[in-house]
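Note sheet for the following structure.
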Amino acid sequence: MVQKEIAQICKQGGGALQKSKRRSGFFTQCHVLTRRSFTNMSRDLGYYWLRLGIYISLSIVLGSVFSHIGVDNGTIQARGSLMMFVASFLTFMAIAGFPSFVEEMKVFERERLNGHYGVTPFGIGNTLSALPFLALVALIPGAITYFLPGLHHRYQHFLFFVIILFACMMLVESLMMIVASVVPNILMGIIVGDGIQGIMILVGGFFRLPTDLPKPLLKYPFYHIVFHKYAYQGLFKNEFLGLTFPNAEAGNGGSPTITGEEILKQTWHFETAYSKWVDLAILFAMVVFYRVLFLIVMKTTEKVKPVMVKFMSATRRERTQVTVNQSATPLATPYCADKRQWQ
């Protein structure tokens with residue numbers, strides 16, 4: 001009697017039950033995940049707020065070290081060092097958000113297994129929610145770093161400076177998202193991310209001029225695919241083009257001044273055939289590529305992980321069987337008292 005009633009209830013409510021199990025639409029998923037991720041980021045003290053405080057403190061010190069930099073010949077190297085530090089080490093600190101993102105990944109994996117949403121809405125939601133915080137982190141420390149030393153006195157150049165910094169931070173976070181999808185352990189992820197960025201900085205074209213980089217592997221292809229190359233070139237072009245400096249070789253019959261374009265070619269060996277806006281466009285194209293690569297890695301991991309788990313469980317089962325067979329007690333045989341051994 002009870003089984004019949006249960007079967008009848010299931011027949012009547014089956015349609016409603018199936019409707020309730022349907023997932024929400026794609027845009028609804030993106031909206032909910034963006035709002036939730038934004039709330040988590042704003043409440044997490046260490047995710048962006050502590051980083052913002054560290055950025056501001058570091059920018060004050062950086063601006064004080066290069067304060068009133070001037071336009072004499074000795075400031076060429078100083079301006080280059082300042083641009084390098086901004087593109088390398090200020091953006092390097094974006095790795096601080098890695099532990100919080102790993103925690104988000106754990107929530108995502110659990111909800112993904114329950115079928116609530118897919119990889120693409122998660123990636124879009126995380127990207128959109130991070131934009132306001134990254135813009136804030138780029139704007140305030142960028143203004144301190146730019147105006148305290150007295151760099152190029154045009155607001156168009158300042159905006160370009162901030163946008164480059166913003167793009168580099170997005171790239172570092174995108175890189176760490178890819179690392180998190182492959183190496184979910186926080187300590188291992190930070191070590192791998194630091195190593196990758198260290199290699200990128202070394203082959204970016206500052207510590208070793210592009211023309212002096214060893215061609216196998218380091219110049220082709222590393223130098224042309226690391227984002228530091230385009231960050232350096234964009235910042236250097238933004239700062240040096242339009243300025244003139246006293247020429248140190250003027251006493252040897254040279255021109256009394258040297259232009260910023262000549263400095264880019266002769267001192268830094270940068271490519272000046274295209275403008276700084278091309279470098280900026282390449283950086284944002286790399287941001288899109290990194291985010292898409294993250295989605296591809298996540299989808300691939302979803303398909304490969306069950307196969308690996310099944311393979312590992314089968315291997316573990318075989319080892320267990322072998323261990324049990326080896327530890328089995330052998331059959332007893334008669335003991336010979338004279339020879340003192342089993343026959």
Side-chain angles (χ1 to χ4, degrees), residues 38 41-70 75 77-101 126-177 190 193-194 197-198 200-201 204 206 227-240 276 279-280 283-284 286-287 290:
F38 181 85
M41 291 178 183
S42 61
R43 292 176 179 176
D44 191 345
L45 179 64
Y47 202 94
Y48 283 111
W49 302 118
L50 180 60
R51 195 196 313 178
L52 177 61
I54 298 297
Y55 266 102
I56 293 176
S57 303
L58 185 59
S59 299
I60 293 174
V61 176
L62 182 62
S64 301
V65 170
F66 293 95
S67 61
H68 307 292
I69 197 169
T75 63
Q77 182 64 37
R79 289 174 186 269
S81 300
L82 177 58
M83 297 300 108
M84 183 279 303
F85 193 94
V86 169
S88 299
F89 296 103
L90 278 186
T91 58
F92 192 92
M93 292 175 56
I95 200 174
F98 181 77
S100 298
F101 180 74
N126 184 273
T127 301
L128 296 179
S129 60
L131 292 180
F133 294 101
L134 291 177
L136 186 66
V137 172
L139 180 60
I140 298 178
I144 298 173
T145 306
Y146 193 88
F147 290 110
L148 198 56
L151 298 179
H152 213 300
H153 298 292
R154 289 185 181 180
Y155 283 96
Q156 297 90 334
H157 291 74
F158 164 68
L159 291 177
F160 185 89
F161 178 88
V162 171
I163 295 173
I164 283 279
L165 183 58
F166 171 77
C168 291
M169 289 182 179
M170 284 199 67
L171 278 165
V172 174
E173 288 214 342
S174 303
L175 174 64
M176 296 311 298
M177 289 173 67
I190 292 177
D194 288 343
Q197 289 196 72
M200 288 182 171
I201 293 173
F206 179 83
F227 73 88
H228 291 83
K229 168 193 174 181
Y230 306 100
Y232 292 158
Q233 290 192 156
L235 289 174
F236 276 63
K237 292 175 184 178
N238 183 63
E239 179 60 26
F240 282 98
K276 61 184 181 181
D279 294 304
L280 182 61
L283 287 176
F284 277 107
M286 294 179 74
V287 170
Y290 278 20

Worksheet, complete the sentence: Sequence neighbours excluded, the answer for ring-ring contact (aromatic ring centres under 6.0 Å, His included) partners of Phe160 is Trp277
Worksheet item: With Phe133, which residues qualify under ring-ring contact (aromatic ring centres under 6.0 Å, His included), at least two apart?
Response: Phe38, Tyr48, Trp49
Worksheet item: How far apart are the closest heavy atoms of Gly150 and Ile69, and which atoms are they?
Response: O-CG2, 4.1 Å
Discussion item. So Phe206 and Ser88, do their side chains get closer than 4.5 Å, heavy atoms only?
Written reply: no
Discussion item. Does any part of the side chain of Tyr290, heavy atoms only, come nearer than 4.5 Å to the side chain of Met177, both counted from C-beta?
Written reply: no
Worksheet item: Looking at CG of Leu165 and CG of Leu283, how far apart are the two atoms once the value is rounded to the nearest 0.5 Å?
Response: 11.0 Å
Item to complete: Identify the two heavy atoms, one from Ile190 and one from Ile95, that lie closest to each other, and give their separation to 0.1 Å.
Response: O-CD1, 3.9 Å
Response to the item:
Closest non-hydrogen contact found for His228 with Met200 is ND1-CB, 3.3 Å
Worksheet item: Quick one: CD1 on Ile56 to CD1 on Ile144, what's the gap to the nearest 0.5 Å?
Response: 5.5 Å
Fill in: Check against side-chain contact (heavy atoms from CB on, under 4.5 Å), Tyr146 and His157
CA-CA 10 Å; Tyr146 193 88; His157 291 74; 3.2 Å; yes
Worksheet item: Where do Thr75 and Gly70 come nearest, in terms of heavy atoms and distance?
Response: OG1-O, 3.6 Å
Worksheet item: Given side chains that start at C-beta, do those of Leu62 and Leu82 come closer than 4.5 Å, heavy atoms only?
Response: yes
Worksheet item: Is a side-chain N or O of Tyr232 found less than 3.5 angstrom from the main chain of Phe227, in a donor-acceptor match?
Response: no
Discussion item. On a heavy-atom basis, which atom in Met169 and which in Val137 lie closest, and how many Å separate them?
Written reply: CE-CG1, 3.5 Å
Discussion item. Rounded at 0.5 Å granularity, tell me how far CZ in Phe66 sits from CE in Met83.
Written reply: 8.5 Å
Item to complete: List the atom of Met93, the atom of Tyr55, and the distance in Å for their closest heavy-atom pair.
Response: CB-OH, 3.6 Å
Worksheet item: Measuring from Leu131:CG to Leu136:CG, what's the distance to the nearest 0.5 Å?
Response: 12.5 Å
Worksheet item: Got a second to check how far Asn126's CG is from Ser174's OG, nearest 0.5 Å?
Response: 9.0 Å
Fill in: Counterpart residues, ring-ring contact (aromatic ring centres under 6.0 Å, His included), relative to Phe85 (two or more places apart)
Phe89
Worksheet item: side chain to side chain contact (heavy atoms under 4.5 Å, CB included) with Met41: which of Pro132, Ser129, Ser100?
Response: Ser129
Worksheet entry | Heavy-atom check, side chain of Phe161 versus side chain of His152, under 4.5 Å | no
Worksheet item: Between Arg51 and Glu173, does at least one N-O distance fall below 4.0 Å, as a salt bridge requires?
Response: yes
Practice prompt. Under the side-chain contact (heavy atoms from CB on, under 4.5 Å) rule, what do Lys276 and Leu235 come out as? Steps first, then yes or no, please.
Written response: CA-CA 8 Å; Lys276 61 184 181 181; Leu235 289 174; over 6 Å; no
Discussion item. Within this structure, what is the CD1-OG distance for the pair Ile54 and Ser59, rounded to the nearest 0.5 Å?
Written reply: 11.0 Å
Fill in: Side chain proximity check, Pro141 to Leu52, heavy atoms < 4.5 angstrom
yes
Practice prompt. Check whether any side-chain heavy atom of Phe92 lies under 4.5 Å from a side-chain heavy atom of Ile201, and answer yes or no.
Written response: yes
